[in-house]
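Notes follow once the structure below has been shown.
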Protein chains: 4
Amino acid sequence: MGGTMDGTKRQRRGDTRQRIQDVALELFAEQGYEKTSLREIAEHLDVTKAALYYHFKTKEEILVGIFEDLTRPIEELIEWGRGQPHTLATKQEIVRRYSDALDGATPLFRFMQENQATVRDLRIGERFKERMRGLREIMIDPEASLVDQVRSLSAIFTLHAGMFAVHDLEGDPEEKHKAVLEVATDMITQAHAGTKPAQDEA
Amino acid sequence: MGGTMDGTKRQRRGDTRQRIQDVALELFAEQGYEKTSLREIAEHLDVTKAALYYHFKTKEEILVGIFEDLTRPIEELIEWGRGQPHTLATKQEIVRRYSDALDGATPLFRFMQENQATVRDLRIGERFKERMRGLREIMIDPEASLVDQVRSLSAIFTLHAGMFAVHDLEGDPEEKHKAVLEVATDMITQAHAGTKPAQDEA
Amino acid sequence: MGGTMDGTKRQRRGDTRQRIQDVALELFAEQGYEKTSLREIAEHLDVTKAALYYHFKTKEEILVGIFEDLTRPIEELIEWGRGQPHTLATKQEIVRRYSDALDGATPLFRFMQENQATVRDLRIGERFKERMRGLREIMIDPEASLVDQVRSLSAIFTLHAGMFAVHDLEGDPEEKHKAVLEVATDMITQAHAGTKPAQDEA
Amino acid sequence: MGGTMDGTKRQRRGDTRQRIQDVALELFAEQGYEKTSLREIAEHLDVTKAALYYHFKTKEEILVGIFEDLTRPIEELIEWGRGQPHTLATKQEIVRRYSDALDGATPLFRFMQENQATVRDLRIGERFKERMRGLREIMIDPEASLVDQVRSLSAIFTLHAGMFAVHDLEGDPEEKHKAVLEVATDMITQAHAGTKPAQDEA
DNA sequence: CATGAATGAGGATTCATTCAT
DNA sequence: TATGAATGAATCCTCATTCAT
């Protein structure tokens with residue numbers, strides 16, 4: 001327990017904070033937040049629990065750190081979206097970019113999705129909701145029919161679910177990924193068409 | 001403190017097992033499985049922790065009990081689905097019925113969705129996956145294009161997400177519910193149309 | 001650690017709560033509150049730490065329990081004092097009774113005196129202050145000169161300090177005890193005489 | 001956050017040791033010894049914990065340093081007292097000087113009084129007892145009656161208690177201070193009178 | 001049908017201290 | 001003079017579970 005030498009470490013320097021986040025995310029995603037103990041994280045890193053506390057004030061802060069880092073692209077996407085006209089092309093572009101953003105943070109999103117109950121009363125719960133609210137604002141037209149609004153929402157969830165639920169489908173991962181994107185794009189397109197009868201891009 | 005309603009509660013008899021399940025589900029859904037302790041459940045019922053063990057062998061068994069009870073309609077739906085021809089009408093009917101089944105067990109499904117990480121290594125995890133597999137079998141045509149398969153999957157997830165994500169949309173709950181069902185039906189219809197070029201029900 | 005048999009216990013029944021308080025007070029008084037760990041208390045009783053938590057919600061509650069139990073006589077004394085006329089005889093009687101009350105709870109008072117910093121932000125801190133306020137009210141005449149008020153205060157503190165500081169004086173404990181009481185009585189008498197020029201009991 | 005006053009604080013040089021002691025005493029007196037962590041002290045000074053260890057070998061040494069510095073006047077007073085005749089005048093002078101010495105180190109004495117349990121097994125515990133023994137030697141006549149000895153002791157404790165207990169009395173601080181000194185002087189006078197029937201200063 | 005009493009394992013967190021730089 | 005990084009030991013507390021009554 002907590003040895004000190006065995007060749008393949010010690011060269012690391014100053015990256016401990018990052019390594020903690022990496023290992024933590026891996027374990028959080030694999031086993032869930034509550035079921036992952038700090039002891040476990042520490043052991044994976046060959047440091048003591050106390051070392052974690054040097055870098056983060058609480059277990060929760062570790063998660064906050066991960067969230068802030070991995071979630072920035074989405075924040076930027078929303079920022080960008082707010083500055084664009086609400087055209088079909090924009091929305092389609094948002095879907096495309098959001099899909100990319102998700103890809104870049106798959107483990108975090110897997111974690112968020114599979115630990116909603118937990119996340120809800122963690123600090124990141126509110127932060128996450130805010131982002132979602134942001135996404136909705138740039139994707140959903142409040143004037144649209146309820147059905148079309150749901151369609152837009154569904155496009156987002158298709159992307160989310162697409163990250164995992166699709167595993168049990170047969171086929172090449174690349175292909176499946178593309179299929180998910182296509183379906184989502186399709187839905188947002190239908191939602192938009194319903195709203196403004198096809199004349200806006202003309 | 002404790003008790004469930006109206007003050008006079010000692011008259012209940014033999015229904016303790018059911019009451020435990022009710023309270024447990026309520027708390028599990030509200031706070032998550034790990035964050036709900038047996039002490040808490042017992043307090044809400046005004047009995048001792050030990051009493052719970054008279055009715056259930058473990059904490060997990062309480063959940064299993066709930067799951068079996070509330071999930072039966074879905075099992076039956078799948079059973080039924082297996083005996084039907086793979087027509088559009090059948091699939092639409094499945095969507096309709098599945099939507100109803102979800103309504104009848106909202107707290108359980110909310111729980112399942114928000115505690116996936118936990119559920120995964122509980123006994124009900126595998127049972128749940130089986131059911132999902134069953135659903136897929138009767139909803140998704142393995143011959144269909146990947147995109148159409150994803151569309152079908154998405155229909156299911158639309159129904160799931162529809163239970164909660166829709167809360168932040170404006171509008172009458174009834175209306176929203178209908179909208180969700182309509183979108184899901186729409187998707188399954190499109191999925192089917194893509195597969196078998198529109199001639200089968202004609 | 002925490003064995004289960006060795007002859008001389010097991011016959012106890014239901015007195016565990018009391019035994020916890022006894023051992024706890026002994027250790028608290030001997031070593032201080034913070035330096036006494038629950039592990040230590042548990043070991044002295046040959047039970048597990050968790051057993052303590054069956055009987056008390058927190059470490060602090062153990063102390064609260066002790067305080068409530070041992071402090072009751074003082075509360076009653078104050079109650080009694082409030083109903084008496086503010087004569088010399090009354091005050092002398094209060095000093096006598098207070099001295100007795102202290103004797104009945106020496107370890108607790110030793111503890112309170114030696115752990116003031118700690119006690120201050122425990123729940124019993126405020127309770128203690130209240131009692132002291134009560135004592136002052138029945139012992140000190142707010143109309144009296146400052147000097148006489150200090151004299152009364154000093155009588156109280158003489159009693160307190162008398163419990164321990166007197167240890168290093170030579171002589172028979174009984175004798176010392178009496179001497180302390182005499183000095184305190186003397187002081188309260190002088191305080192009273194100053195106030196109301198000697199004619200009230202005549 | 002941190003810093004001690006007025007924003008510009010980097011100009012200090014070499015006085016770090018002193019500043020550590022100042023902050024430490026402040027916190028020790030306010031919160032108690034055990035409840036004041038080195039982290040806290042360091043933060044108040046805007047340095048790292050490790051820096052404290054450059055100046056002091058242990059947490060306890062910080063306290064020892066403070067004690068030695070602030071307690072010197074009392075040591076000197078005792079020294080002086082030992083060289084004086086045991087007359088009433090001497091004792092009254094000691095009371096007066098001791099009162100002053102206490103005033104010059106109020107926070108330390110507050111600390112000592114409120115943390116006796118802790119102090120007892122720190123190095124300064126024994127040192128403190130020695131000083132008290134010294135004080136007793138010059139204040140208390142071992143030939144005197146027990147009652148008069150207690151009276152002398154009480155004079156000392158009146159001074160101690162006078163530092164704080166008097167807070168809840170109404171009146172001007174200056175006045176109260178004087179009242180306390182008067183009572184203490186009074187007591188020592190009575191103690192002395194009892195011993196040697198009033199003829200020695202005549 | 002249920003309680004009272006207890007356990008063993010483990011959780012997050014905090015602390016004084018060390019040491020290479 | 002100081003810091004950055006880490007440790008080992010301890011702390012309070014919580015939990016699911018057991019069992020005699």
Side-chain angles (χ1 to χ4, degrees), chain A residues 1-4 12-17 20 34-42 45-62, chain B residues 12-14 16-17 34-42 45-62, chain C residues 1-4 12-17 20 34-42 45-62, chain D residues 12-14 16-17 34-42 45-62:
Chain A
M1 13 174 114
T4 295
R12 288 120 171 178
R13 245 316 121 90
D15 59 344
T16 303
R17 195 189 144 92
I20 292 174
E34 357 243 353
K35 294 235 294 287
T36 301
S37 70
L38 293 186
R39 178 181 51 67
E40 212 172 347
I41 297 176
L45 288 166
D46 244 323
V47 295
T48 47
K49 268 179 295 170
L52 304 184
Y53 279 92
Y54 176 75
H55 295 280
F56 297 92
K57 271 214 323 253
T58 64
K59 185 183 180 185
E60 193 175 344
E61 286 303 307
I62 299 182
Chain B
R12 292 177 200 101
R13 255 301 133 98
T16 304
R17 194 189 143 92
E34 357 243 352
K35 295 232 294 284
T36 300
S37 69
L38 293 187
R39 177 177 56 63
E40 213 173 347
I41 296 176
L45 289 165
D46 248 326
V47 294
T48 45
K49 266 183 297 172
L52 304 184
Y53 278 90
Y54 178 81
H55 295 280
F56 297 92
K57 270 213 332 247
T58 66
K59 185 184 182 185
E60 193 176 343
E61 286 305 308
I62 300 181
Chain C
M1 8 170 120
T4 295
R12 289 127 175 167
R13 240 322 118 88
D15 59 344
T16 304
R17 195 189 145 94
I20 292 173
E34 358 241 354
K35 296 234 292 287
T36 301
S37 69
L38 294 186
R39 177 181 54 65
E40 212 172 349
I41 297 176
L45 289 166
D46 243 325
V47 294
T48 47
K49 268 179 293 170
L52 305 183
Y53 280 94
Y54 176 75
H55 295 279
F56 297 93
K57 272 216 320 255
T58 64
K59 184 183 180 184
E60 192 175 344
E61 287 303 308
I62 299 181
Chain D
R12 291 170 198 109
R13 253 303 130 97
T16 304
R17 194 189 145 91
E34 356 243 352
K35 294 231 294 281
T36 301
S37 69
L38 294 186
R39 175 176 57 63
E40 214 173 346
I41 297 176
L45 288 165
D46 247 327
V47 296
T48 44
K49 268 183 295 173
L52 304 183
Y53 279 90
Y54 178 81
H55 295 280
F56 298 92
K57 268 212 333 245
T58 66
K59 184 184 181 184
E60 192 175 345
E61 287 305 309
I62 299 181

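Predicted model only: the values in this text are computed from it and were never measured. Chain A is the first sequence line, chain B the second, and so forth, proteins listed ahead of strands; every chain is numbered from 1. Values below: every heavy atom of this structure, side chains too, minus hydrogens, waters and symmetry copies.
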- [ ] Sort out the partner of E:dC19 for me: Watson-Crick or G-U wobble, both distances under 3.5 Å, none otherwise.
- [x]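 Pair assignment: E:dC19 / F:dG4.
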Task: Residue whose nearest DNA chain E nucleotide is more 5′ - D:Glu34 or A:Arg39 - done: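 The 5'-side residue here is A:Arg39.
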TODO: Please answer whether the main-chain N or O of C:Thr36 pairs with a side-chain N or O of C:Lys59 as donor and acceptor at a distance below 3.5 Å.
DONE: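 Answer holds: yes.
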Taking all non-hydrogen atoms of both residues into account, name the closest pair between [X] and [Y] and its distance.
X	Y	value
D:Glu40	D:Lys35	OE1-O, 3.7 Å
B:Thr48	B:Ala42	C-CB, 3.8 Å
C:Tyr53	C:Thr58	CE2-CA, 4.1 Å

Starting at [atom1] of [X] and ending at [atom2] of [N], how long is that distance when rounded to a whole Å?
X	N	atom1	atom2	answer
C:Lys35	E:dT14	NZ	C1'	17 Å
A:Asp15	F:dA6	CG	C1'	14 Å
D:Leu45	F:dT3	CG	C1'	15 Å
A:Leu38	E:dA12	CG	P	4 Å
C:Phe56	E:dG4	CZ	P	16 Å
C:Leu52	E:dA5	CG	P	14 Å
A:Glu60	E:dG11	CD	C1'	16 Å
B:Ile41	F:dT17	CD1	P	11 Å

- [ ] Using the closest heavy atom to pick a nucleotide of DNA chain F for each, name whichever of C:Lys59 or B:Thr58 lands nearer the 5' end.
- [x]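 Nearest nucleotide further toward 5': that of C:Lys59.
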Task: Toward the 5' end of DNA chain F, by each residue's nearest nucleotide, A:Lys49 or C:Ala50 - done: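 That would be A:Lys49.
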Output yes when at least one side-chain N/O atom of [X] is less than 4.0 Å from OP1 or OP2 of [N], else no.
X	N	result
C:Ser37	F:dA10	no
D:Tyr54	F:dA2	no
C:His55	E:dG4	no
A:Thr16	F:dA6	yes

TODO: Would you check, one step at a time, whether the test side-chain contact (heavy atoms from CB on, under 4.5 Å) holds for A:Ile62 with A:Leu38?
DONE: CA-CA 10 Å; A:Ile62 299 182; A:Leu38 293 186; 4.2 Å; yes
Open item on the list: When the C1' atoms of E:dC1 and F:dT21 are compared, how many Å lie between them, rounded to an integer?
Closed with: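 13 Å, rounded to whole Å.
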Open item on the list: As a test of reading the structure: which of E:dT3, E:dA12, E:dT17 is closest to the side chain of A:Tyr53, going by heavy atoms?
Closed with: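 Minimum distance to the A:Tyr53 side chain belongs to E:dA12.
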